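This report refers to the structure that appears directly beneath it.
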Number of protein chains: 2
Amino acid sequence: MNLENSKAQMRKGILELCILGIIDAEKEVYPSDIIARMKEAELIVVEGTLYPLLSRLMKGGLLDYSWVESKSGPPRKYYKLTENGKLHLKELKKTWGTLSQSVATITQNTQNHE
Amino acid sequence: MNLENSKAQMRKGILELCILGIIDAEKEVYPSDIIARMKEAELIVVEGTLYPLLSRLMKGGLLDYSWVESKSGPPRKYYKLTENGKLHLKELKKTWGTLSQSVATITQNTQNHE
DNA sequence: GAAAGGTATTATGCAATACAAGGTACTATT
DNA sequence: AATAGTACCTTGTATTGCATAATACCTTTC
């Protein structure tokens, strides 16, 4: 039990939402794009975390991909949301809203003692 | 990979924050109080989840407890935050704020397609 | 054609909650 | 005062999903 683990647990909670959100916003992205967008939002994600997650989302029918050639290296997998993926994202956003509200309710009474 | 698991992952992320927040707000609570407060905020937690968490927080030096007799049953463990616990909570709140901001940044471009 | 860098994959470990079952202490009822 | 019932606490096991790190492969560039 340490602070870093606690923070990590929080980050885990929003990871999928953020990934899906980014793909939705960009229409089509490849993993490095996602990593870059995440970084812009101050969320550090590495390939070893991202790839397995994308695989799971694929398996779940939330994503689709197509190969696109690149001039700077090997071909890339460009991902986009399926209809199911959009629905899934919508639900996650709703859940996120509800949870945020819950946290707000709970922590509002906790006036910081500083 | 299904929607329920994804939602569950989100809930997990805020669990510790909420528990600590509730204890902080109430000064001293026993587990049933926590479960009740969580429920009020529409967060369902059961004993089998809560107790091990409280144990971990104890081990981490974030909580303290004292036995208090009850007229409706056996004695209860009333928990309160230690100084470390308050610090920990403060950090978690800060992290929560940052993450919320990140999610907002990422999902704002994602205008819902409805 | 060799090196370097970009892209994708996978194996292993770890941390934390969910679930379910059970154990103990007290109260109430008779 | 015994028994049933309830409140409270504990624990073992399974499951899940991310983190880390190592690896393999494909291009370009020099």
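In what follows, every chain begins at residue 1, and chains take the letters A, B, ... in the order their sequences are listed. Just so it is clear, the structure is predicted and the values come from calculations on it, not from any experiment.
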B/S/- contact track for nucleotides 20-30 of chain C, protein heavy atom under 4.0 Å: B----BSS---
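- Nearest heavy atom pair, residue Ile22(A) against residue Ile34(A), reads CD1-O, 4.0 Å.
- Between the CG atom of Leu54(B) and the C1' atom of dA18(C) there is a distance of 15 Å, rounded to whole Å.
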Before giving the answer on side-chain hydrogen bond (donor to acceptor under 3.5 Å, both in side chains), spell out for Ser6(A) and Glu16(B) the whole-Å C-alpha distance, their side-chain angles and the decisive distance to 0.1 Å. CA-CA 7 Å; Ser6(A) 301; Glu16(B) 187 180 315; 2.7 Å; yes
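- Protein atom CD of Glu4(A) is 13 Å distant from nucleotide atom P of dA19(D), rounded to whole Å.
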CA sep, side-chain torsions, deciding dist, call: Met10(B), Leu17(A), side-chain contact (heavy atoms from CB on, under 4.5 Å): CA-CA 9 Å; Met10(B) 275 196 191; Leu17(A) 169 63; 3.7 Å; yes
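- Computed from coordinates, the Leu15(B) CG to dA15(C) C1' distance equals 14 Å when rounded to whole Å.
- Nucleotide dA16(C) holds its P atom 19 Å from the CG atom of Asn5(B), rounded to whole Å.
- Contact between Gly21(B) and Leu89(B) at its shortest, heavy atoms only, is N-CD1, 4.0 Å.
- In this structure, Thr82(A) contributes its side chain and Leu62(A) its backbone to a donor-acceptor pair below 3.5 Å.
- Whole-Å rounding puts the Ile19(A) CD1 to dG17(D) C1' distance at 13 Å.
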Both distances under 3.5 Å, Watson-Crick or G-U wobble: on that basis, could you give the dot-bracket string for DNA chain D, with [ ] for crossing pairs and | for other-strand partners? ||||||||||||||||||||||||||||||
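- Nucleic acid contact for Ser55(A): none, since no nucleic acid atom lies under 4.0 Å from a heavy atom of the residue.
- Atom CG in Leu62(B) sits about 15 Å away from atom C1' in dA16(C), given to the nearest Å.
- For the pair Ile34(B) CD1 and dC9(D) P, the interatomic distance rounds to 10 Å; values are reported in whole Å.
- Along DNA chain C, the nucleotide closest to Ala8(B) and the one closest to Lys77(A) are compared, and the more 5′ of them pairs with Lys77(A).
- Applying the 4.0 Å criterion to OP1 and OP2 of dC9(D), one finds that Tyr51(B) has a side-chain N or O inside that range.
- When every heavy atom of Val45(A) is checked against every heavy atom of Arg11(A), the shortest pair comes out as CG2-NH2, 4.5 Å.
- Within the structure, a side-chain polar atom (N or O) of Arg11(B) is placed less than 4.0 Å from OP1 or OP2 of dA18(C).
- Contact between Lys39(B) and Ile44(B) at its shortest, heavy atoms only, is CG-CD1, 4.0 Å.
- Atom-to-atom, CG of Asn2(B) to P of dA18(C) comes out at 14 Å; the value is rounded to the nearest Å.
- Arg76(A) places no side-chain N or O within donor-acceptor distance of the main-chain N or O of Pro31(A), the cut-off being under 3.5 Å.
- Of the candidates dT20(D), dT11(D), dA19(D), dT11(D) carries the atom nearest the Pro52(B) side chain, counting heavy atoms from C-beta on.
- Using a 4.5 Å cut-off on side-chain heavy atoms (C-beta onward), Leu20(B) and Leu63(B) make contact.
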